[in-house]
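Before any comments, here is the structure.
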2 protein chains.
Amino acid sequence: MSYNKIQISHGNGGKETQQLLQRLFFSRLPLELKRVKGGVGIDYPDDGAVLQNNLVVATDSHTVNPYFFPGGDIGYLAVSGTLNDVIMMGAKPIAMLDSIVVSEGFPIDDLEKITGSMIELLKKYNIPLVGGDFKVIEETAMKNSIIINTVGLGVVETGSPIVDAIKPGDKIIVTGPVGVHGAVIAAMQYNISTNLKSDVRPLFELLEVFSKFKGYVHAARDPTRGGLAATLNEWAQLTGNVIVIEEAKVPVLEDVKAITEVTGLDPLNLASEGVGVLAVDSNVEDDVLETLKSLGFEPASIGYVVEPKSEKGIVVAKTAVGGAKILEMPTGDIVPRIC
Amino acid sequence: MSYNKIQISHGNGGKETQQLLQRLFFSRLPLELKRVKGGVGIDYPDDGAVLQNNLVVATDSHTVNPYFFPGGDIGYLAVSGTLNDVIMMGAKPIAMLDSIVVSEGFPIDDLEKITGSMIELLKKYNIPLVGGDFKVIEETAMKNSIIINTVGLGVVETGSPIVDAIKPGDKIIVTGPVGVHGAVIAAMQYNISTNLKSDVRPLFELLEVFSKFKGYVHAARDPTRGGLAATLNEWAQLTGNVIVIEEAKVPVLEDVKAITEVTGLDPLNLASEGVGVLAVDSNVEDDVLETLKSLGFEPASIGYVVEPKSEKGIVVAKTAVGGAKILEMPTGDIVPRIC
């Protein structure tokens, strides 16, 4: 393995991605160039950035392979993923931009289906597409591939954006079973037959939850690349607090377990594309769970936040048999081009 | 040639790109999903979109090949290009986001140089980088390539954004010689030796011009992909007016001519990355030229806008020998991966 060349693991959304971005950007920019004054930027990594006037902006480049998969396609994923990044900041999406890069020889019918999926969602949720770009790369450099970058803009209409600031005593809630999207893509890449469909979809209903429990939702994230393990580790690292989860309480579908058992992947490292992870004040835990159920979710309370003792900023997973281990930030290859 | 597959020409920023985007997006979205109410979006293509409160947002995916070139690199180009898109709307840049996609095996030292160029510009112009993304594509699908998507946000501090609305009587001014960046990239792709350097740079000085001549600058664009010909044709198409330019007045460097003569390319179709094209009220033409000179530019007044007679929305080029021809929207392959 060559350490001066980009490896697949640099794109895992886990430890290697963090280290590389530290080297390329974070360590080289002073604080005042990591955020707009009074806002939130790369000084405090979250789903999106906060500018003046509670304006939220988020961007992602989507590379999922294959670009059609059960339950969606790269267009549907790109729009959903970026809308979710805006929503998870507590902001109502107001506009979107897209940039598409395709390889020479890419089937135009496929492109039309993919942009059709984007348009379907924009229409369903009434989000204007206000700008974009389109580029072609020659076949000798890129083959049968499409990359869709999406930019989402949103406004926090009342109150403050949800900047992921977990507090000791908070309860950790997931809005549904985790790792489904990642398992679907892994199954296709490993040629495993499954009836699973990706959970990809925009999570607009969560805006109702954030509005109803304003001030009590201390953190919200959609656990995409790197899965639940990456989200919880980022929260712990950012605040120095310790998150304890009970593995047996984390909802994982049987079909997902079947795929992770064959591949050796961990469901906690696999991407969800239609799930939220919330850290809420313990006083509203039951009410939040009830509200989520009334909105059609199948939520679960999976753990809690405690003050750090000897070790700061870690995630502890209690195992079903009564043991405890550290749940690490994902590392290594996981599944490439998952989103 | 297969018409159901993406061709290099679909990425030329000219006629084929326009037709494809019409099919993929423009024809499939109702007006209310092409812009934010009261703003400007893909209903009226410009450098960037306008949201509420005179907020401007622009995005571009940069694919230039080779990624190091005389006068700059893809990082310098990505930041400059998107800052210029914000500036050309008459807005002061306030923040930037980036998404980088690289191929497995990409040299990390090169990546560090490229992001170093981005950081150099962000520091020089005091623009915070507030968010981003980083993805890796396996070597079997993408080779020795990097794609940088940048998002720029800006605010029009006083007055209105410069939405490209040319009027009969307007004078067309270019701020310097055209086609330099395109000629440099073409020379590298064709293995032609030259001393030319790309003109790529952010054009912050133009904000002074827009502020001084508020209301008199009716259109401003940086003529990147598709060059001067694409910019002028878009302006003519959008308004239905006719633009007349005098070819002999368009400044083209001798070194650029040397490259276009060998390659058969037209300097008017080649990208500039450090030039503005302005349409200004004829009453301020001389003052704008003087101001541009005082700011270090070498501007030229190259033509004017007239009301359409028989043919609407075209660009006419008067030739040096006294003839006239229609300057078409660029078509065909031009130079791939120019920006």
Side-chain angles (χ1 to χ4, degrees), chain A residues 4-8 10-11 17 21 23-25 28-29 32-36 39 41-42 48-49 51 57-61 63 94-95 97 99 101-102 104-109 111-112 115 119 122-123 128-138 141-143 145 147 149 151 153 336-337, chain B residues 4-8 10-11 17 21 23-25 28-29 32-36 39 41-42 48-49 51 57-61 63 94-95 97 99 101-102 104-109 111-112 115 119 122-123 128-138 141-143 145 147 149 151 153 336-337:
Chain A
N4 57 6
K5 295 195 171 187
I6 288 292
Q7 314 291 322
I8 289 294
H10 285 117
T17 306
L21 291 179
R23 174 171 163 191
L24 295 178
F25 287 110
R28 299 161 98 184
L29 283 167
E32 66 270 22
L33 294 184
K34 289 181 178 172
R35 48 140 178 74
V36 169
I42 57 174
L51 305 182
V57 57
T59 188
D60 266 314
S61 281
T63 63
I94 57 162
L97 296 86
S99 290
V101 178
V102 285
E104 179 188 10
F106 194 88
I108 295 182
D109 287 350
L111 192 54
E112 204 165 11
T115 56
I119 285 166
L122 295 170
K123 283 185 172 171
L129 183 72
V130 299
D133 193 9
F134 183 86
K135 295 275 165 72
V136 177
I137 290 194
E138 70 280 11
M142 188 161 119
K143 265 190 205 138
S145 284
I147 298 166
N149 181 278
V151 181
L153 294 132
R337 296 180 72 177
Chain B
N4 56 7
K5 295 195 170 186
I6 289 292
Q7 314 291 324
I8 290 292
H10 284 117
T17 307
L21 292 179
R23 174 173 163 189
L24 295 178
F25 287 110
R28 298 161 98 185
L29 284 167
E32 65 269 22
L33 294 183
K34 289 181 179 172
R35 48 138 178 76
V36 169
I42 58 173
L51 306 180
V57 56
T59 187
D60 267 311
S61 280
T63 63
I94 57 164
L97 297 86
S99 290
V101 178
V102 285
E104 178 188 11
F106 193 88
I108 295 182
D109 286 350
L111 194 53
E112 204 165 11
T115 56
I119 285 165
L122 295 169
K123 284 185 172 170
L129 183 72
V130 298
D133 193 12
F134 183 85
K135 295 276 165 70
V136 177
I137 290 193
E138 70 280 11
M142 188 161 117
K143 264 190 207 137
S145 284
I147 297 167
N149 182 279
V151 182
L153 293 130
R337 298 180 72 178

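So that the names make sense, note that chain A is the first sequence line, chain B the second, and so on, each numbered from 1.
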Contact between R28(B) and E112(A) at the side-chain level, heavy atoms closer than 4.5 Å - yes or no? yes
Begin from the C-alpha positions of K34(B) and V130(A) and carry the test side-chain contact (heavy atoms from CB on, under 4.5 Å) through to its verdict. CA-CA 5 Å; K34(B) 289 181 179 172; V130(A) 299; over 6 Å; no
For L24(B), is it the side chain, the backbone, both or neither that has a heavy atom under 4.5 Å from a heavy atom of chain A? both
If you count heavy-atom pairs under 4.5 Å with chain A, which of L51(B), L122(B), D109(B) comes out on top? L51(B)
Could you give the distance from CE (M142(A)) to NZ (K143(B)), rounded to the nearest 0.5 Å? 13.5 Å
Value for CD (E104(B)) from NZ (K5(A)), rounded to nearest 0.5 Å, stands at 10.5 Å
So for N149(B), is it side chain, backbone, both, or neither that comes closer than 4.5 Å to the heavy atoms of chain A? side chain
If one checks every heavy atom of I8(B) against chain A at 4.5 Å, the contacting part turns out to be both
Most heavy-atom pairs under 4.5 Å with chain B, out of A58(A), G131(A), P107(A), G105(A), belong to G105(A)
Counting C-beta onward and ignoring hydrogens, is there a side-chain heavy-atom pair between I6(A) and I108(B) closer than 4.5 Å? yes
Bottom line for S145(B): the part with an atom under 4.5 Å from chain A's heavy atoms is side chain
To the nearest 0.5 Å, tell me how far I119(B) CD1 sits from L29(A) CG. 4.5 Å
How about R337(B) and I137(A): do any of their side-chain heavy atoms sit closer than 4.5 Å? yes
Sequence neighbours excluded, the answer for side-chain contact (heavy atoms from CB on, under 4.5 Å) partners of E32(A) is P30(A)
Side chain, backbone, both or neither: which part of L21(B) has a heavy atom under 4.5 Å from chain A? side chain
Closest-packed option against chain A by number of heavy-atom pairs under 4.5 Å, given V102(B), V101(B), D60(B), I94(B): D60(B)
Would you mind telling me which of P128(A), G11(A), G41(A) has the largest number of heavy-atom pairs within less than 4.5 Å of chain B? P128(A)
With a 4.5 angstrom heavy-atom cut-off, could you sort out which part of V36(B) is near chain A: side chain, backbone, both or neither? both
Start with the C-alpha gap between L153(B) and L153(A), add the side-chain angles, then the distance that decides, and say whether side-chain contact (heavy atoms from CB on, under 4.5 Å) holds. CA-CA 11 Å; L153(B) 293 130; L153(A) 294 132; 3.9 Å; yes
Less than 4.5 Å apart, side chain to side chain, heavy atoms only: is that true for L97(A) and V57(B)? yes
Checking I147(A) against chain B: side chain, backbone, both or neither under 4.5 Å from a heavy atom? side chain
Short question: side chain of K135(A), backbone of S61(B) - any donor-acceptor pair under 3.5 Å? yes
Is there a side-chain contact between T63(A) and V136(B) in this structure, where contact means two heavy atoms from C-beta onward sitting under 4.5 Å apart? no
A side-chain contact here means heavy atoms from C-beta on lying under 4.5 Å apart; do L129(B) and R35(A) qualify? no
Okay, I42(A) and chain B: the region with an atom under 4.5 Å from a heavy atom over there is both
